[in-house]
Amino acid sequence: MIIQKREIHKTIIQEFEYEILKNILYYDSVMIIGETGCGKTTLIPKILFRYNLEKFVISITEPRRLVVINSAIRLSKILNKKIGIEIGFKIRFMNMVTKKTSIYYVTEA
């Protein structure tokens with residue numbers, strides 16, 4: 001049996017990690033726009049936590065309420081952080097954000 005190594009390809013977010021970090025530290029606000037699946041929702045928050053940039057308040061907009069809730073839950077599990085404390089979300093009639101929240105997902109409306 002021959003096991004082939006799986007080729008690991010970097011997403012665009014991983015390729016421009018340094019430039020993204022540099023811009024986040026330099027500018028007051030940064031808008032990142034990218035194709036579906038490039039890592040905007042999960043990779044950027046992971047990068048910010050890796051470099052201990054929790055002091056910033058990061059808001060990630062998503063088009064649907066279900067995506068907001070699922071993204072927040074998924075990221076909290078990946079980073080082993082508590083939902084509603086370090087990672088939260090805001091949607092209509094539901095606010096899971098505290099003063100300690102550094103990353104939160106919101107709907108576009």
Side-chain angles (χ1 to χ4, degrees):
M1 176 191 268
I2 298 173
I3 300 174
Q4 295 178 351
K5 285 188 176 181
R6 194 173 179 190
E7 194 172 309
I8 299 172
H9 95 277
K10 286 185 163 185
T11 65
I12 196 78
I13 298 298
Q14 291 167 324
E15 287 180 27
F16 291 99
E17 181 176 328
Y18 176 73
E19 288 81 6
I20 291 169
L21 282 171
K22 184 173 67 173
N23 286 318
I24 287 171
L25 292 172
Y26 186 76
Y27 295 105
D28 290 335
S29 62
V30 176
M31 182 180 292
I32 298 171
I33 301 170
E35 296 291 324
T36 302
C38 72
K40 301 177 303 289
T41 301
T42 53
L43 289 180
I44 291 175
K46 281 172 61 175
I47 291 167
L48 297 176
F49 270 103
R50 186 171 3 142
Y51 288 99
N52 295 320
L53 299 178
E54 298 99 2
K55 64 182 178 183
F56 294 101
V57 176
I58 300 134
S59 174
I60 301 168
T61 58
E62 296 289 350
R64 308 267 185 269
R65 290 192 278 176
L66 187 60
V67 176
V68 167
I69 295 168
N70 287 339
S71 297
I73 291 169
R74 181 172 178 225
L75 185 65
S76 69
K77 287 180 180 178
I78 290 171
L79 297 176
N80 199 22
K81 303 285 183 184
K82 294 193 179 207
I83 189 81
I85 299 175
E86 291 104 343
I87 297 169
F89 62 90
K90 284 184 181 181
I91 58 173
R92 188 173 164 194
F93 305 124
M94 200 172 190
N95 187 2
M96 293 287 291
V97 176
T98 64
K99 290 182 181 180
K100 293 182 178 182
T101 304
S102 57
I103 294 176
Y104 65 94
Y105 293 85
V106 296
T107 53
E108 293 174 344

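By the neighbour-count criterion of 12 heavy atoms within 6.0 Å, atom CD of E19 is densely surrounded, having more than that number from other residues, nucleotides or ligands.
At a threshold of 4.5 Å between side-chain heavy atoms, the hydrophobic network of Ile, Leu, Val, Met, Phe, Trp and Tyr places I85 and V68 in two separate groups. Cluster annotation: Y26 is connected to Y51 through the hydrophobic network of ILVMFWY side chains, with a link wherever side-chain heavy atoms come within less than 4.5 Å. Hydrophobic clustering (side-chain heavy atoms under 4.5 Å, transitive across Ile, Leu, Val, Met, Phe, Trp, Tyr) keeps L66 apart from I91. When hydrophobic clusters are built by joining Ile, Leu, Val, Met, Phe, Trp and Tyr residues whose side-chain heavy atoms come closer than 4.5 Å, directly or via intermediates, I24 is grouped together with Y27. A chain of hydrophobic side-chain contacts below 4.5 Å, direct or via other Ile, Leu, Val, Met, Phe, Trp or Tyr residues, connects I83 to M94.
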Legend entry - Pair L43-Q14, side chain to side chain contact (heavy atoms under 4.5 Å, CB included): steps then yes or no: CA-CA 8 Å; L43 289 180; Q14 291 167 324; 3.9 Å; yes

Inset, instruction - Start with the C-alpha gap between I20 and I47, add the side-chain angles, then the distance that decides, and say whether side chain to side chain contact (heavy atoms under 4.5 Å, CB included) holds. - result: CA-CA 10 Å; I20 291 169; I47 291 167; 5.8 Å; no

Inset, instruction - Could you check E17 against R50 for side chain to side chain contact (heavy atoms under 4.5 Å, CB included), going step by step and ending with a plain yes or no? - result: CA-CA 12 Å; E17 181 176 328; R50 186 171 3 142; 3.4 Å; yes

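Between the side chain of K40 and the backbone N or O of G34 there is at least one donor-acceptor pair closer than 3.5 Å. Between the side chain of Y105 and the backbone N or O of T41 there is at least one donor-acceptor pair closer than 3.5 Å.
Separating the CD1 atom in I44 from the CZ atom in F49 is a distance of 13.5 Å, to the nearest 0.5 Å. Atom CE of M31 and atom OG1 of T61 lie 7.5 Å apart (nearest 0.5 Å). Separating the NZ atom in K90 from the CE atom in M96 is a distance of 13.0 Å, to the nearest 0.5 Å. Note that CG of L21 is 13.5 Å distant from CZ of F16, once rounded to the nearest 0.5 Å.
Counting all heavy atoms, side chain and backbone alike, I87 lies closest to T101 at C-CG2, 4.2 Å. The minimum heavy-atom distance linking G84 with T98 is given by the pair O-CG2, 3.1 Å. Pairing each heavy atom of I13 with each of C38, the nearest pair is CG1-O, 3.1 Å. Closest heavy-atom contact between Y104 and F89: CB-N, 4.2 Å.
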Using a 3.5 Å cut-off and no angle test, enumerate the donor-acceptor pairs between side-chain atoms of residues 71-80 and protein atoms at least two apart in sequence or in another chain.
unit_1	atom_1	unit_2	atom_2	d
S71	OG	V67	O	2.7
S76	OG	A72	O	3.3
S76	OG	I73	O	2.7

